[in-house]
Amino acid sequence: MKTLILGFDSFDPAVFENMAGRNLLPNFESFAKQGGYSRLEVCSPPQTEVSWTSIATGADPGGHGIFDFVHRDPATYAPFVSILPTKKGFAGEQFVPPYTAKTFFEEAAALGYPATALWWPAMFPARPELPVMSLPGLGTPDIRGQLGVGTLFTTDNESKPKTTVVKLEAAGKNRFTAALPGPQTAGRDGPRTITLPLALDILDERSAKLTIEKTQINLRLGEWSEIVELRFKAGMLLNIHAITRFILTSVNGAVRIYALPLQIHPAHTVWHYSTSGSFAKKLWNEVGPYLTLGWPQDTTGLEEGCITDEQFLDLCAKIFERRIQIMYHLMKNFQEGVLASIFDDLDRVQHMFFQNRMEVVEDWYRRLDKFVGDVSAQVEAWGGKYRYLILSDHGFSPFRTKAHVNRWLAENNFLALKNGGTDLTGVDWQRTKAYAVGLNSIYLNVAGREGQGIVQADEIEDLLADLKIKLTGWKDADGNAVVDKVRPKHETYSGPYTRFGPDLLVGYASGYRASAETGLGKIPAQSLEENHDHWGADHCMDADIVPGVIFANRDLTDFGGVSFRDIPFLAIGKHLDQSHLKPPTQAAGEGQKDLEKRLKGLGYL
């Protein structure tokens with residue numbers, strides 16, 4: 001067996017077909033001309049971490065247990081991060097794997113073949129017991145255990161909704177100082193933030209020198225530094241290592257520098273970052289430094305004006321090029337087994353530019369086409385039998401209107417609030433039949449399941465039918481449908497985790513998506529709000545609206561339609577047996593402290 005897989009997050013079939021019709025993507029078109037192209041049916045909901053996990057396992061969320069970016073603890077209604085779950089142990093709160101369903105990587109290894117997964121979502125923390133080489137993707141935290149926000153250093157008095165802002169203090173002519181906030185440790189009076197002293201010397205109108213302890217970094221205006229290694233002293237015998245990049249964004253008027261989120265150093269980590277432990281370090285040493293955050297393309301920094309469009313795109317390009325170098329490095333000695341690599345820059349670019357700068361998006365499709373041409377040239381030189389797949393987890397759609405689902409539930413008498421309630425802590429559960437947590441999820445307040453449930457078993461079917469009718473009848477002020485489809489879980493999912501999933505999956509119409517507030521269980525004052533964010537496009541709509549793609553070095557026309565369930569077979573020649581799964585007797589998760597801090601770096605929320 002020899003299988004190479006390229007995963008292009010959010011590669012959209014409509015964009016491909018349009019550009020192919022203009023002969024702009026010749027290397028992708030070559031697959032289509034030989035019958036090796038199909039739209040890919042993706043799972044519900046079409047969220048990145050859900051979809052890539054379904055592709056890897058051949059199972060819908062009922063078979064692997066990841067239903068949404070945010071789940072809830074039914075006993076307390078408290079939200080928690082599905083891709084970064086924790087449990088309390090003797091050493092405090094510890095990260096645990098988001099799922100245990102078998103992947104085609106594990107199956108290939110069980111058959112005696114090497115298997116490597118690069119930047120695949122929901123693979124943090126690594127599972128040392130599995131014989132799969134891995135670098136994790138979406139879900140990998142920063143050194144604070146959060147999904148990551150950067151730090152803005154400025155001489156101005158500024159504040160940002162998510163980004164940490166630190167004041168640069170004058171310390172002489174053209175010299176400024178500050179403290180770089182790092183990880184937190186336990187102190188006598190509670191958590192203590194460890195910092196590093198920082199000094200910035202402005203050299204001229206286009207350059208500066210940044211000094212952090214003994215490390216000196218030369219900065220050019222508007223250009224990213226190389227990856228910088230930092231060390232925070234957490235105790236007598238404990239150092240916490242981190243990596244980041246800096247960029248000098250202004251020297252005239254206000255002086256400003258911006259730092260990416262402090263990320264796990266793959267050669268010095270206290271968590272199980274990769275398998276094997278030496279794999280990540282070996283790539284760092286042999287190929288060069290690389291960012292490790294699950295969402296390294298800093299959409300939050302762009303959204304909040306810390307960096308410009310062009311600086312963001314330059315960062316995406318640097319991440320893309322280093323990942324290409326790592327994959328080519330591994331291809332040199334790739335003789336058998338499975339080698340799969342996810343490239344997610346296109347997803348981030350489309351979130352920020354799909355709505356208003358389509359020329360930027362098309363440039364990235366052409367960039368991917370060139371990359372595919374280069375890879376294909378190497379693959380065609382292999383000779384013999386091999387499998388070569390290129391696929392995406394979903395497509396893309398405009399996101400013009402935010403849907404505040406809990407407010408809609410309140411307006412339609414499914415949810416009742418105490419005086420002044422603005423989130424789930426302000427809900428009157430004794431008068432509430434349904435509530436929303438996550439981007440596509442609605443739960444019933446079921447007696448005996450939820451902590452203060454009131455919906456009886458004989459009421460569930462009629463309540464679901466009533467919700468489905470009214471949700472699909474939800475219109476905006478212009479009479480446009482907000483919701484395309486509503487899918488009950490027992491008609492959508494199969495597998496042992498089904499009972500833990502949301503009771504209804506809301507499939508939004510194109511142009512609409514649940515708000516970030518809905519994802520966190522909040523209840524704003526209105527049910528619909530125009531989206532004015534830079535983040536102007538998305539994929540958390542109905543799955544039929546945002547199908548993915550698959551390209552293969554085989555004829556796909558005999559499939560009559562390719563589904564995420566088919567990918568293990570196309571990758572390794574067999575479907576996976578998930579009968580070993582033994583889900584818990586109750587839903588996992590106690591709710592996480594500082595949920596919003598943990599989720600800040602995830603643009604969806």
Side-chain angles (χ1 to χ4, degrees), residues 67-82 146-147 149 159-164 300 303-304 399-446 449-455 463 467 470-471 474-477 482-483 502-504 506 508 512-533 535 538 540 589-605:
F67 296 94
D68 203 303
F69 280 118
V70 180
H71 292 175
R72 97 297 185 216
D73 180 353
T76 64
Y77 305 95
F80 65 95
V81 188
S82 67
Q146 302 167 7
L147 294 179
V149 290
S159 63
K160 303 290 182 183
K162 295 181 179 181
T163 303
T164 300
T300 300
E303 184 71 59
E304 298 192 348
F399 171 26
R400 293 183 288 268
T401 303
K402 302 176 183 181
H404 299 303
V405 181
N406 282 311
R407 175 54 60 184
W408 181 91
L409 290 170
E411 292 173 351
N412 287 270
N413 301 315
F414 294 108
L415 181 148
L417 295 172
K418 301 172 186 175
N419 291 334
T422 58
D423 60 25
L424 295 183
T425 63
V427 169
D428 184 346
W429 295 109
Q430 297 309 306
R431 297 189 297 126
T432 291
K433 296 179 181 180
Y435 62 100
V437 173
L439 293 180
N440 295 88
S441 303
I442 289 179
Y443 298 89
L444 303 187
N445 191 26
V446 177
R449 184 185 73 178
E450 265 68 14
Q452 302 178 58
I454 64 168
V455 178
L463 179 56
L467 276 162
K470 290 180 177 175
L471 280 164
W474 186 2
K475 300 288 198 293
D476 66 12
V482 175
V483 174
D503 297 296
L504 290 175
V506 183
Y508 297 95
Y512 302 84
R513 199 208 76 180
S515 62
E517 291 87 347
T518 296
L520 298 171
K522 294 187 176 183
I523 311 168
Q526 56 195 35
S527 58
L528 293 176
E529 178 187 351
E530 192 172 347
N531 180 21
H532 297 290
D533 297 341
W535 183 292
D538 213 284
C540 299
E590 303 168 334
Q592 292 169 329
K593 294 192 307 179
D594 302 321
L595 174 74
E596 290 188 51
K597 287 184 179 179
R598 185 159 282 168
L599 283 168
K600 273 184 178 180
L602 194 62
Y604 303 94
L605 299 166

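Along the sequence shown, residues are numbered consecutively beginning with 1. Predicted model, so just to flag it, every value in this text is computed and none were measured.
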Report the residues that fulfil ring pair (Phe, Tyr, Trp, His ring centres under 6.0 Å) with [X], sequence neighbours left out, ordered by chain and then residue number.
X	value
W474	W408
F67	H71, Y493
Y435	Y77, W429, Y443

Qualifying residues under salt bridge (Lys or Arg N to Asp or Glu O under 4.0 Å), relative to [X], sequence neighbours excluded:
X	answer
D503	R449, K489
R400	none
K475	none
K470	D466

Audit row: D538, Y508, side chain to side chain donor-acceptor pair (under 3.5 Å) steps and yes/no: CA-CA 11 Å; D538 213 284; Y508 297 95; over 6 Å; no

Mind checking what makes side-chain contact (heavy atoms from CB on, under 4.5 Å) contact with [X], not counting sequence neighbours?
X	answer
S515	K402, H404, E517, T518
A416	D428, R431, T432
A410	R407, L415

side-chain hydrogen bond (donor to acceptor under 3.5 Å, both in side chains) partners for N531, two or more places apart: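 Once residues adjacent in sequence are excluded, N531 has no partner under the side-chain hydrogen bond (donor to acceptor under 3.5 Å, both in side chains) criterion.
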
For T425, all residues meeting side-chain hydrogen bond (donor to acceptor under 3.5 Å, both in side chains), sequence neighbours excluded: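 For T425 the side-chain hydrogen bond (donor to acceptor under 3.5 Å, both in side chains) partners, ignoring immediate neighbours, are D423.
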
